[in-house]
Peer 1: 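Just passing along the structure, written as structure tokens.
We count residues from 1, following the sequence as given. Just the heavy atoms: all of them, side chains too, but no hydrogens, waters or symmetry mates, feed the values below.
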Amino acid sequence: MCIRDSLKTIRQAPAALGEVDPLRSITLLPGVSRSSDFSTAFSVRGGSSDQNLILLDEATIYNPAHVLGFLSVFNADAVADMTLHKGAIPPRFGGRLSSVLDARQREGNAREYGGTASIGLLSSRLLFEGPLPGTRGSLLVAARRSYADLFLKLAPDTSVRDTRAYFYDLNAKANIPLGTTGTLMASAYAGRDLLSPSKDFAAGWGNISGTLRWNQIFRSRLFSKASYTCLLYTSRC
């Protein structure tokens, strides 16, 4: 069984402290349940959260959460749609016990430049999109960062003032036409969390992923798609 959530549906989902989270919209689907109200981890039909394969533009995301699970790594400004495979999972995904969540980033506006900026309780977001110079292609860049560490510096207690706690996301996607029937797509994601309650202890984790895909149409019923993905899961304690 396959269910697809578009960007419009994702934005209609309940927000957590003003943050629209695409992964929380998945937990509203039938057969999907959350581990808790304070976590974006989800299970499908009795499976566990680590039995789900989570992809972003075909690249695997090993750690899909920020703030110890309260928010997901998916920026609502950069995500176009999410497809959840709950049963009869296609063989191209390699097989999973529970489900496959396939998220795709938005394509930038190929006709004019534009952007958005927003300030929330937990983080601020910035997005820029527009046509690539000299081509018919498009570019989209989105960034998000929390700022709890900036307010902690104002605390009167020195032990609290030295605490560092933040997360950030960087999303980028470019599309370049090749001839009349070909397209080259490059997508990248980088995200990181840092928690350091003192100078003697620090823990960090995150993801870095990239995708390069070439689509080519030869005839009305003949086309090809070649993809290369790279990923890096980072952790530090």
Peer 1: Are Leu53 and Leu55 side-chain neighbours, meaning at least one heavy-atom pair lies under 4.5 Å?
Peer 2: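 Yes, close enough: below the 4.5 Å cut-off.
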Peer 1: Would the distance check show the side chain of Lys173 and the main-chain N or O of Glu107 forming a donor-acceptor pair, the cut-off being under 3.5 Å?
Peer 2: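 Checked: no pair found.
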Peer 1: Among residues at least two apart in sequence or on other chains, which ones pass side chain to side chain contact (heavy atoms under 4.5 Å, CB included) with Leu212?
Peer 2: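 Side chain to side chain contact (heavy atoms under 4.5 Å, CB included) list for Leu212, sorted by chain: Leu184, Ala186.
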Peer 1: With a cut-off of 6.0 Å (strictly less than), are more than 12 heavy atoms of other residues, nucleotides or ligands near CD1 of Ile119?
Peer 2: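 No, CD1 of Ile119 has 12 or fewer neighbouring heavy atoms, counting only those of other groups under 6.0 Å.
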Peer 1: Does the side-chain contact (heavy atoms from CB on, under 4.5 Å) test come out yes or no for Leu231 and Tyr62, once each step is laid out?
Peer 2: CA-CA 9 Å; Leu231 50 102; Tyr62 285 107; 3.1 Å; yes
Peer 1: Just jot down the side chain to side chain contact (heavy atoms under 4.5 Å, CB included) partners of Val32, sequence neighbours excluded, or say none.
Peer 2: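 Partners of Val32 by the side chain to side chain contact (heavy atoms under 4.5 Å, CB included) criterion, ordered by chain and then number, come out as Ile26, Leu29, Phe42, Val44, Leu84, Lys86.
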Peer 1: Using distance alone, with no hydrogens and no angle criterion, decide if Ser99 and Asn52 have a side-chain donor and acceptor under 3.5 Å apart.
Peer 2: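 Judged by distance alone, the side chains do pair up.
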Peer 1: State, without any angle test, whether Thr211 and Asp57 hold a side-chain donor-acceptor pair at a distance under 3.5 Å.
Peer 2: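 Side-chain D/A pair, Thr211 to Asp57: absent.
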Peer 1: Quick one: side chain to side chain contact (heavy atoms under 4.5 Å, CB included) partners of Ser118, sequence neighbours excluded?
Peer 2: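 Counting only residues at least two positions away or on another chain, Ser118 forms a side chain to side chain contact (heavy atoms under 4.5 Å, CB included) with Arg125.
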Peer 1: Could I get the full list of salt bridge (charged side-chain N to carboxylate O under 4.0 Å, His left out) partners for Glu129, not counting sequence neighbours?
Peer 2: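 Applying salt bridge (charged side-chain N to carboxylate O under 4.0 Å, His left out) to Glu129 gives Arg106.
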Peer 1: Walk me through it: do Ser43 and Ser49 pass the test side-chain contact (heavy atoms from CB on, under 4.5 Å)?
Peer 2: CA-CA 5 Å; Ser43 59; Ser49 59; 5.6 Å; no
Peer 1: Could you check if a side-chain atom of Leu150 sits within less than 4.5 angstrom of a side-chain atom of Tyr166, using non-hydrogen atoms only?
Peer 2: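 No, their side chains stay 4.5 Å or more apart.
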Peer 1: I want to check something: taking the side chain as every heavy atom from C-beta on, are Ser124 and Tyr147 in contact at a cut-off of under 4.5 Å?
Peer 2: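 The answer is yes; the side chains approach within 4.5 Å.
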Peer 1: Among residues at least two apart in sequence or on other chains, which ones pass side chain to side chain contact (heavy atoms under 4.5 Å, CB included) with Asp193?
Peer 2: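 Expected list: His66, Phe167, Trp205.
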Peer 1: Assess whether side-chain contact (heavy atoms from CB on, under 4.5 Å) is satisfied between Asn215 and Thr181, documenting all intermediate values.
Peer 2: CA-CA 8 Å; Asn215 295 331; Thr181 59; over 6 Å; no
Peer 1: Will you find, in the side chains of Ser48 and Asp50, an N or O donor that is under 3.5 Å from an N or O acceptor?
Peer 2: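 Side-chain D/A pair, Ser48 to Asp50: present.
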Peer 1: With side chains defined as the heavy atoms from C-beta onward, is the minimum distance between Tyr189 and Ile61 less than 4.5 Å?
Peer 2: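 They are in contact (side-chain heavy atoms under 4.5 Å apart), so the answer is yes.
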Peer 1: Heavy-atom count check: over 12 atoms from other residues, nucleotides or ligands less than 6.0 Å from Tyr168 OH?
Peer 2: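 More than 12 within 6.0 Å, yes.
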Peer 1: Output a table of donor-acceptor pairs, distance under 3.5 Å, between side-chain atoms of residues 217-229 and any protein atom two or more places apart or on a different chain; print 'none' if there are none.
Peer 2:
residue: Ser227; atom: OG; partner: Glu58; partner atom: OE1; Å: 3.4
residue: Ser227; atom: OG; partner: Glu58; partner atom: OE2; Å: 3.4

